[in-house]
4 protein chains.
Amino acid sequence: MVNPPNEQRRNEKSRRAILDASLELCTEKGYAAVTVEGIAARAGVSKKTIYRWWQSKGAVILEAVVDAADASTDFPDTGDIAADLHAQLTQVVRLFEDPRSGRPLRALLLIESHQDPGLAGQIRELLVDSRIATFNQRMRRAQDEGQIVADVDLDVVLDQFYGPIYHRLVLNMDLPDHDYLGKIVDYVLAGITQG
Amino acid sequence: MVNPPNEQRRNEKSRRAILDASLELCTEKGYAAVTVEGIAARAGVSKKTIYRWWQSKGAVILEAVVDAADASTDFPDTGDIAADLHAQLTQVVRLFEDPRSGRPLRALLLIESHQDPGLAGQIRELLVDSRIATFNQRMRRAQDEGQIVADVDLDVVLDQFYGPIYHRLVLNMDLPDHDYLGKIVDYVLAGITQG
Amino acid sequence: MVNPPNEQRRNEKSRRAILDASLELCTEKGYAAVTVEGIAARAGVSKKTIYRWWQSKGAVILEAVVDAADASTDFPDTGDIAADLHAQLTQVVRLFEDPRSGRPLRALLLIESHQDPGLAGQIRELLVDSRIATFNQRMRRAQDEGQIVADVDLDVVLDQFYGPIYHRLVLNMDLPDHDYLGKIVDYVLAGITQG
Amino acid sequence: MVNPPNEQRRNEKSRRAILDASLELCTEKGYAAVTVEGIAARAGVSKKTIYRWWQSKGAVILEAVVDAADASTDFPDTGDIAADLHAQLTQVVRLFEDPRSGRPLRALLLIESHQDPGLAGQIRELLVDSRIATFNQRMRRAQDEGQIVADVDLDVVLDQFYGPIYHRLVLNMDLPDHDYLGKIVDYVLAGITQG
DNA sequence: CCCTAAACGAGACGGTACGTCATGTCTTCGT
DNA sequence: ACGAAGACATGACGTACCGTCTCGTTTAGGG
């Protein structure tokens, strides 16, 4: 802890093996059964190497998920706010249902971020905040273009669009499908659309 | 599990001590730091006694929470659906913020119910299903009375009312306050109220 | 460490398995290669059980050696002090050469008692002091019977009889054989025998 | 081992720093607490540099001790065998009691030489054999001069003179003082002096 | 007097063992 | 006879060193 390790000398092969192993194990056995020891064994790596670069198994999984999911961060902008929202919500649902990213993502948001405050911050930073920012940008553009009323509280709108997904996530219910998301988008937009 | 223990001979004093100890520990140190050993020590009870009647620390906490919170389950019915919803949502938020029930409740819904499928079922049964049923009953009464349109999908409505709370819960944001809940109720009702 | 464990509830079968395993491993692989983990695995016992009752692998080996060797502690008394000394020294040499007790005994006296002061004290108590006391008793009887001069310094005599064995032990030389011990006894007795 | 390093290019400053650090650490914390990593850190040297020139921490300490102690190897020859023996035994005791050389010397003879056969050989070569040879030379001269009987077994005599020191060393007893050594010399010489 | 091969410091790496903790089961003893 | 006390096997934790292995950087010798 005294000397932070030197990033330059880091062995990229080990890093990859660790991230891959952690996601594999999470998919195979579930998040609870993932252990630092198990990751080390699967990756052919020493435990020390894991602890040198990460603080906990949660931090490993977080990096693995960020690594695997960061391609899909963008919020589409076709000019049609309803279509874009629908596309974006669909993307989010897919992330949670993807066999590779779903389990670890749920574990991070539901389990780790309520056990480990430090990790919770990193999770917010890396997985949540940028998406919220993008959402707000897109919504403000829609306001500028007159598709959405100007004085609406975007925090509430965010909760209304994403709340149903998280509600069902927490209660272990099936996540919204295509039609269901359509209803959500329609209901909410109905309340905040111009004229 | 081989010999299901005899409920009649159960020592009520031990049961109380265990439930009380588990909530105290959870409040003091956080859910992650609660252990069966810790509960046993605090309650002055043998570990065996805990394992005889519960399957895990989660099951103990669940019973403790049910025990402590079941008074407030009822959905008000004043005839004014908006006021009743607001009151009910406020109740829910309070449960999550209460210093005694908040931490264990969040832990059960966010952590345990995604680690232990068996416990997840019990949590739904004891904490969630009855509330959903009551919600549905109240909503249907509102439909009968013509306050709400008849052909609305109540599952979606449920998600819309409770989603924002869960969304903020998962992301560790401040839960909705009185005004915020008012907005939610207004927005959603606006979409499903009889013209 | 807070609560010393309760001796009465101790599992004798585990204790035996641990002591046996430790001597076997020491004989097979040498003292340096004995580990607490190895003993636990061989004995089919948890590490915790070892740490509950002993402080280190050295303490385990000490008890095992004491257990295995305590039959041979007696100093013979036939009335002939030369013969008795020769018999006793032979016994000691045999202990150091015995395939079962030799390696651990050397390790305790040479290695552990110079690394771990606490253990050193126990080793002295259990393996050394009583033998020195018995030696002194026998010598005093020989003095009473007039076989040995009365004013000799018994500490020096002890060193003279046992010193050669330890000298050769430390320097990894062959231990004295029958004849060699005879010479030692003769030489030393020659200096302290009654006129 | 593949490419034996080039002695000529060796950095003498590093060598000195390593030897000094190893003795300092041994004196400060005891032999058991000396580690290659610790020596490297204290000496401001890389572990690789230590492993390039020595095989183990024991080998480092051995060289350090040889370096520090080799001045005092000589066996005095004043013509008076009793006085010379007393002087020599006193020198040996002093080596073992010296605050700088005592701990590492004991560790080498008692601990390492019974854990590491390769090192044991080097220890004998560098620390023991030459002294035994010198002892034998001096004794043979005494025989030539008629001070000691001709047919005595010098191996036994060696054991008799040095045995007491090693005996007390092994058992963690105070080493012989001036008077004590005098008694030893007198007793043993009494048995082998010309009539 | 530069050039180059080496030895060097730094320290990451795969390992092994450490000593501790909590789990869930099993045993003993006191009441 | 119950039940608290707690010993037990299991398995993961996070740490300390081991001895090996790159990395760039001195540094010393032979051309």
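Quick note on labels: first sequence line is chain A, next is B, and so on, each numbered from 1.
Atom P of nucleotide F:dA9 and atom CD1 of C:I39 are separated by 14 Å, given to the nearest angstrom. Summarising the geometry, the separation between CD on D:Q8 and C1' on E:dA5 is reported as 14 Å, rounded to the nearest angstrom. For the pair A:R10 CZ and F:dC21 C1', the interatomic distance rounds to 18 Å; values are reported in whole Å. Atom-to-atom, CD of D:E12 to C1' of F:dT27 comes out at 15 Å; the value is rounded to the nearest Å. Following rounding to the nearest Å, D:R52 (CZ) and E:dG9 (P) show an atom-to-atom distance of 8 Å.
Cation-pi contact between D:R15 and D:W53: absent, since separation from the ring centre below 6.0 Å together with deviation from the ring axis within 45° is not met.
Looking at heavy-atom distances under 4.0 Å, D:G44 makes contact with sugar-phosphate atoms alone, never a base. Counting non-hydrogen atoms under 4.0 angstrom, A:W53 reaches the backbone sugars and phosphates but no base.
Residue B:T49 places at least one side-chain N or O under 4.0 Å from the OP1 or OP2 atom of F:dA4.
Mapped onto DNA chain E by nearest heavy atom, B:A33 and A:E7 fall at different nucleotides, with A:E7 at the one closer to the 5' end. When each of D:V45 and C:K57 is assigned the nucleotide of DNA chain E bearing its nearest heavy atom, the one mapping closer to the 5' terminus is D:V45. If you find the closest nucleotide of DNA chain F to D:Y51 and to D:N11, the one lying nearer the 5' end belongs to D:Y51. For the pair C:S14 and A:E37, nearest-nucleotide mapping onto DNA chain F gives the more 5' position to C:S14.
For C:R9 against F:dA5, a side-chain N or O and a base N or O form a donor-acceptor pair under 3.5 Å. Judged by atom type and distance alone, B:K47 does not reach the base of F:dG6 through any side-chain donor-acceptor pair under 3.5 Å. D:K48 contributes no side-chain N or O that forms a donor-acceptor pair with the base of F:dG19 under 3.5 Å.
Minimum atom distance to the side chain of A:S46 is reached by E:dG15, of the listed F:dA7, E:dG15, E:dA10. Among the nucleotides F:dC17, E:dA7, E:dG24, the one closest to any side-chain atom of D:T35 is F:dC17.
Between A:V65 and A:P104, the shortest heavy-atom distance links the atoms CG2-CB, 3.5 Å.
By the 4.0 Å N-to-carboxylate-O rule, D:E28 lies close enough to D:R42 to be salt-bridged with it. Salt bridge status for C:D67 with C:R16: present, with a side-chain N to carboxylate O gap under 4.0 Å.
Using modelled atom types, one finds no donor on one side chain facing an acceptor on the other under 3.5 Å when comparing C:Y31 with D:Q115.
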